[in-house]
Amino acid sequence: MAPGTPFLPTITDEKILRPNFVRDEDERPKVAYNQFSNDIPVISLAGIDDEEGVGGEKRSEICHKIVAACEDWGIFQVVDHGVDTELVSEMTRLAKEFFVLPPEEKLRFDMSGGKKGGFIVSSHLQGEAVQDWREIVTFFSYPIGARDYSRWPDKPEGWRSVAESYSEKLMGLACKLLGVLSEAMGLEKEALTKACVDMDQKMVVNFYPKCPQPDLTLGLKRHTDPGTITLLYQDQVGGLQATKDGGKTWITVQPVEGAFVVNLGDHGHYLSNGRFKNADHQAVVNSNYERLSIATFQNPAPEAIVYPLAIREGEKPVLDEPITFAKMYRRKMSKDLELAQLKKMAKTEQEVLKKAREVAAQHKALNEILA
Ligand SMILES: O=C1C[C@@H](c2ccc(O)c(O)c2)Oc2cc(O)cc(O)c21
Ligand SMILES: O=C(O)CCC(=O)C(=O)O
Ligand SMILES: [Fe+2]
């Protein structure tokens, strides 16, 4: 590796995890990457476009399943979703090929200096105390007019055209799902997409290399997504975990060939006045296999106003006042950072206290010997 190249999890063969990847005990994985659960429903979308009346029962059955999953977990999987299998496998092939490029090629898109889009180790959040065991490449795909292709990978060949088709198809699928949720809230089909004003879409390709000590770290720490809805394509390795009891118990989502994992983010949660959950999730890694996932985040425009669209009888609004998505996002990110830094300080304090106790015990022992 050229001198000065930053540490990349893809190119190390170290057997001991570096300390900046080691999580506090309470954050470490509790369930194995391949101990799969079927608690998260897998929903076929075949028939979702049927008109009301003849065949309409199929649509209403699908809608019921989606709504129940959103109320229970805020996360579900979809199959028969209409996104071409060939397109998905082309996108995943290119994504895998990107991560095996030499470091200097990936680092042409380095975004650690605060660039909007590109390649980075661990996270979009700079200044986190502990790093995630992942490399990502991220690019902004909607609104189309705002695309900055200079921050999209230009290798492997074909990236741009495949990513463009993939992003268009996923935008369509996301809008379809938001239509279902709008209707479940008693609103017109377009209500949620309209609340996003001009919907943003951002792709994050996550690559989780094999890890020497996977029990000590996470591929992606526990979080909720900030936006409206996220569609995640994952390979068959496994590692996505969800919790609905604040992190006491975790389940590993069973990978399903060709499926998208759909989860609601904070914006979806607030617009439904808390009726639909913002899925609390994380990704764990392992020492046997590398893993790839592609997250498509559907977010409102930064200036879109965030406030519940439907407040049911007897409910209080989950937000005190309307705020813009940009403000909501900034607040979330600075809260996340603050929490991580407080934890780091508390850890340092604990270490200082522990040292002080050890020194005091040594003094006591010495005094006893000398007495
Ligand atoms: O990478 C992610 C994952 C996710 C996220 C949210 C909040 C966190 O504190 C965190 O560590 C991860 O949602 C994202 C949202 C983005 O806008 C960009 C991302 O890269 C991500
Ligand atoms: O890779 C995964 O399984 C989770 C990815 C994720 O949660 C994200 O990118 O926000
Ligand atoms: Fe996520």
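Note that ligands are numbered from 1 as they come in the structure, with each ligand's atoms numbered from 1 the same way.
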Can you tell me how far [atom2] of [Y] sits from [atom1] of [X], rounded to the nearest 0.5 angstrom?
{"X": "Thr324", "Y": "Tyr329", "atom1": "OG1", "atom2": "OH", "result": "13.5 Å"}
{"X": "His81", "Y": "Leu173", "atom1": "NE2", "atom2": "CG", "result": "7.0 Å"}
{"X": "Arg134", "Y": "Arg291", "atom1": "CZ", "atom2": "CZ", "result": "11.0 Å"}

Find all atoms of ligand 1 within a distance of less than 4.0 Å from any non-hydrogen atom belonging to [X], and give their numbers and elements.
{"X": "Asp225", "result": "4 (C), 13 (O)"}
{"X": "Lys202", "result": "16 (C), 17 (O), 18 (C)"}
{"X": "Val204", "result": "20 (O)"}
{"X": "Pro226", "result": "13 (O), 15 (C)"}
{"X": "Tyr329", "result": "15 (C), 16 (C), 17 (O), 18 (C)"}

Shortest protein heavy-atom distance from [atom], along with the residue and atom involved:
{"atom": "atom 11 (O) of ligand 1", "answer": "Lys221 CE, 3.8 Å"}
{"atom": "atom 8 (C) of ligand 1", "answer": "Asp336 OD2, 3.4 Å"}
{"atom": "atom 21 (C) of ligand 1", "answer": "His124 CE1, 3.6 Å"}
{"atom": "atom 14 (C) of ligand 1", "answer": "Phe297 CZ, 3.6 Å"}

Would you mind reporting whether [Y] and [X] have side-chain heavy atoms less than 4.5 Å apart?
{"X": "Gln298", "Y": "Met171", "answer": "yes"}
{"X": "Asp148", "Y": "Phe140", "answer": "no"}
{"X": "Leu271", "Y": "His267", "answer": "yes"}

Quick check: does any side chain N or O of [X] sit under 3.5 Å from a backbone N or O of [Y], one acting as donor and the other as acceptor?
{"X": "Asp132", "Y": "Lys221", "result": "yes"}
{"X": "Asp24", "Y": "Asp26", "result": "no"}
{"X": "Lys210", "Y": "Glu290", "result": "no"}
{"X": "Thr217", "Y": "Pro214", "result": "no"}
{"X": "Thr249", "Y": "Asp245", "result": "no"}

message: Using a 4.0 Å cut-off on heavy atoms, what residues surround ligand 2? Order them by chain and number.
response: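 Under the 4.0 Å cut-off, ligand 2 touches Asn206, Tyr208, Leu220, His223, Asp225, Leu232, Leu240, His281, Ala283, Arg291, Ser293, Ala295, Phe297.
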- prompt: Heavy atom of Arg134 under 4.0 Å from ligand 1?
  reply: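 Contact check Arg134 vs ligand 1: positive.
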field: N-O pairing of Lys343 and Glu27 below 4.0 Å
entry: yes
query: Hey, what's the ring geometry for Phe207 with Phe99, parallel, tilted or perpendicular (30° and 60° as the breaks)?
result: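 Phe207 and Phe99: parallel rings.
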- request: Examine Asp132 against ligand 1 and note whether any of their N/O atoms are separated by less than 3.5 Å.
  value: no
- request: Answer yes or no: does an N/O atom from Asn299 fall short of 3.5 Å to an N/O atom of ligand 1?
  value: no
message: Within rounding of 10°, what is the angle whose vertex is the Fe ion (ligand 3) and whose arms end at OD1 of Asp225 and NE2 of His223?
response: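 It comes to 80°.
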field: N, O or S atom within His281 nearest to the Fe ion (ligand 3), by name
entry: NE2
- prompt: Out of Glu128, Met203, His223, whose heavy atom is nearest to atom 6 (C) of ligand 1?
  reply: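 It is His223 that holds the nearest heavy atom.
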